[in-house]
Asks: 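Right, I'll just put the structure down here and ask away after.
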Amino acid sequence: MTFSADQLSARRDAAVAAVAAQGLIADEDPVLGLLDEQTIRETVGMLHDAFDGVPAIPCVAAKAATLVPLLSYLSTLGIGCEVASPGELAMAKAAGFAPDAIVYDSPAKTVPEIRTALADGVAVNADNFEELARFDAVIAEELGGTPRGRVGMRINAQIGTGSIAAMSTATRTSKFGVGLKDEGARERIISAFVDRPWLNQLHVHNGSQGVPLELNAAGIAEIVDLAVEINERIGHQQITHIDVGGGLPTNFDSDEITPTYADYRAAVEAATPRLFSGEFTVITEFGRSMLAKSGTIVSRVEYVKETGERRIAIAHAGAQVATRTVFMPSSWPLRVGVYDGKGLPRTSEEIAHDVAGPCCFAGDLVAVDRPLPRIEAGDLVAVKDTGAYYLSTPFAYNALPRPAVYSFTVGESGEVEFSCIREAQTVEEVVAEAGSGTFLTSGL
Ligand SMILES: *Cc1c(COP(=O)(O)O)cnc(C)c1O
C-alpha cells in the first residue's frame with residue numbers, strides 16, 4: 001500500500017473547497033469534522049502490510065474513534081476493536097465487530113462488565129489479581145468453568161516514561177496492569193497462568209504519544225520473554241496471543257507519516273524477533289497512528305480583531321473539539337491551514353496570529369502567536385491531523401454542540417463527495433442532555 005503526503009494535502013484542499021461550495025458550513029453549523037476515506041484505507045493497508053505473514057489481529061483503540069460508522073468502516077477493512085468501557089463495547093458490537101475481534105481492557109471493570117464481556121466471548125484482559133479473582137468466580141459459577149473467549153492479563157513492563165507524563169503507562173507506579181518488576185510479581189504472574197488453563201493471552205500497552213519506538217519495543221520484548229517462560233513452565237503453549245497495545249507516535253508537523261508501521265515492525269522485531277515467529281498471534285491496538293492524518297476540523301472565522309499588537313482570529317474550533325491541544329498546547333500542537341471564504345488556500349505573507357475558539361475562557365486558543373497567512377473574517381481555518389480522538393471525543397463546555405462529521409472521497413476529476421456520519425447536535429438535544437428532575441424544595 002502506498003501513501004503520498006502531497007496527495008493527502010491535495011485531497012484536504014479539495015474537501016475544504018467543496019465544504020464551502022456545497023454550503024456545509026453555515027450559520028447553524030460553523031464548525032465540522034472531515035474524515036478522508038482514502039487516507040484511512042491507506043493507513044490501514046500499511047498496517048496490514050507491516051504484519052504480512054504473521055498471524056495478527058490489528059485492532060483500533062475505540063477511544064480514538066468513538067463514531068460507530070467509522071468503527072464499522074474499519075471493521076470492513078479487516079480491523080478489530082479494543083474497547084475499555086461498556087459504552088465502547090456496545091459501540092463495537094453496533095459497528096459489527098465479531099466477538100473474537102474485540103478486546104476488552106479497562107482498569108476499573110465492575111462485576112457486571114466482566115460478566116457481559118466473558119459471556120459475549122470477547123477477549124478480556126484482567127488488569128490486576130483482584131480482578132482476576134472476579135473472573136474466576138464468573139467463569140466457575142456462570143460459564144461452567146470455561147470462558148467463551150480469550151482471557152489475558154495486562155502487564156506493566158515498567159520500562160519508563162516518554163515525553164508526555166500523562167501518556168506514559170509503563171512507569172514504575174503506573175495505574176495499569178501488574179508491575180512485572182515489583183517484588184515477587186513475576187512468580188505470581190506465572191502461578192496465575194499455571195493455575196488457570198484458560199488464561200491464554202498477555203497484554204501490554206507501554207504508552208501513547210511521546211513514548212519512543214525503542215522504549216515501546218523494549219517493553220514488548222519483556223512481555224514476549226514472559227510468555228515464553230510461562231509456556232515453558234507449563235510445558236505446552238498455553239499463551240497463544242500477545243497483545244502489544246498501541247502507541248505508535250504520530251508526527252503532527254507535516255502531512256508525512258513518520259514513523260510508519262514498517263518502522264514499528266522493524267524496531268519491535270529487532271528487540272524481539274520471536275514475536276514474529278508465527279508461534280503467537282499478535283494483537284495490536286493502535287489509535288492515533290491509524291486515524292490522526294485522516295481528519296480535519298474546519299471552522300468559519302467569525303471575527304478578526306487586533307489587540308495588544310496581536311491579530312486574533314475568532315473561530316468555532318476551540319476546546320470543545322480540540323480539548324487536549326487547548327489545555328496542553330506544548331504537548332499537543334496542531335497545524336492550522338487558512339482558506340478564504342470559497343475554500344481556496346490563502347498564500348499571503350505569514351504574520352503572527354492567535355486562532356481562538358468559542359469557549360468562554362481566555363486560554364481557548366488552538367494556536368498562539370502562530371505565523372499564518374493574513375486571516376480575514378469569513379475565512380475558513382482547518383485544524384489538521386485531528387482524525388483520532390479529536391472528532392470522536394468532544395467536550396461539552398459552554399453547552400456547545402457536538403459538530404457534524406463527514407467522511408469524504410475525491411474522485412478522479414477532483415469531485416468531492418461527502419457522507420454525513422454524525423449529525424451535528426441540535427440545541428434541543430443539548431437541552432435534553434442537560435438533566436431532568438426537580439429540586440425538593442421550592443425557590444420561594
Ligand atoms: C489508548 C490506548 C491505546 C491506543 O493508543 P494510541 O496511542 O492511540 O495508539 C491502545 N491500548 C490501550 C490499552 C490504550 O489505553
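Just follow the structure's listing: the first ligand is 1, and inside any ligand the first atom is 1.
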Asks: For residues 382-391, pull every pair meeting side chain to side chain donor-acceptor pair (under 3.5 Å), keeping only residues two or more places apart or in separate chains.
Replies: K293-D385, T325-Y390, R335-D385
Asks: Does the side chain of L391 come within less than 4.5 Å of L35's, by heavy atoms?
Replies: yes
Asks: Whether R402 and E433 form a salt bridge (side-chain N of Lys/Arg under 4.0 Å from carboxylate O of Asp/Glu) is what I want to check.
Replies: yes
Asks: Which of these, S419, S407, S294, sits in a side-chain hydrogen bond (donor to acceptor under 3.5 Å, both in side chains) with E37?
Replies: S407
Asks: Would you list the pairs meeting side chain to side chain donor-acceptor pair (under 3.5 Å) in which at least one residue belongs to residues 62-71, sequence neighbours left out?
Replies: none
Asks: For residues 188-197, dump all side-chain donor-acceptor pairs below 3.5 Å to protein atoms at least two apart in sequence or in another chain.
Replies:
from: S191; atom 1: OG; to: E187; atom 2: O; distance (Å): 3.0
from: R196; atom 1: NE; to: D136; atom 2: OD1; distance (Å): 2.8
from: R196; atom 1: NE; to: D136; atom 2: OD2; distance (Å): 3.3
from: R196; atom 1: NH1; to: A192; atom 2: O; distance (Å): 3.2
from: R196; atom 1: NH2; to: D136; atom 2: OD2; distance (Å): 2.7

Asks: Tabulated below should be the N or O atoms of ligand 1 paired with protein N or O atoms at under 3.5 Å; can you produce that?
Replies:
from: ligand 1; atom 1: 5 (O); to: S208; atom 2: OG; distance (Å): 3.2
from: ligand 1; atom 1: 7 (O); to: S208; atom 2: OG; distance (Å): 2.8
from: ligand 1; atom 1: 8 (O); to: G287; atom 2: N; distance (Å): 3.4
from: ligand 1; atom 1: 8 (O); to: R288; atom 2: N; distance (Å): 2.8
from: ligand 1; atom 1: 8 (O); to: Y389; atom 2: OH; distance (Å): 2.5
from: ligand 1; atom 1: 9 (O); to: G247; atom 2: N; distance (Å): 2.8
from: ligand 1; atom 1: 9 (O); to: G287; atom 2: N; distance (Å): 2.9
from: ligand 1; atom 1: 11 (N); to: E285; atom 2: OE1; distance (Å): 2.6
from: ligand 1; atom 1: 15 (O); to: K63; atom 2: NZ; distance (Å): 2.8

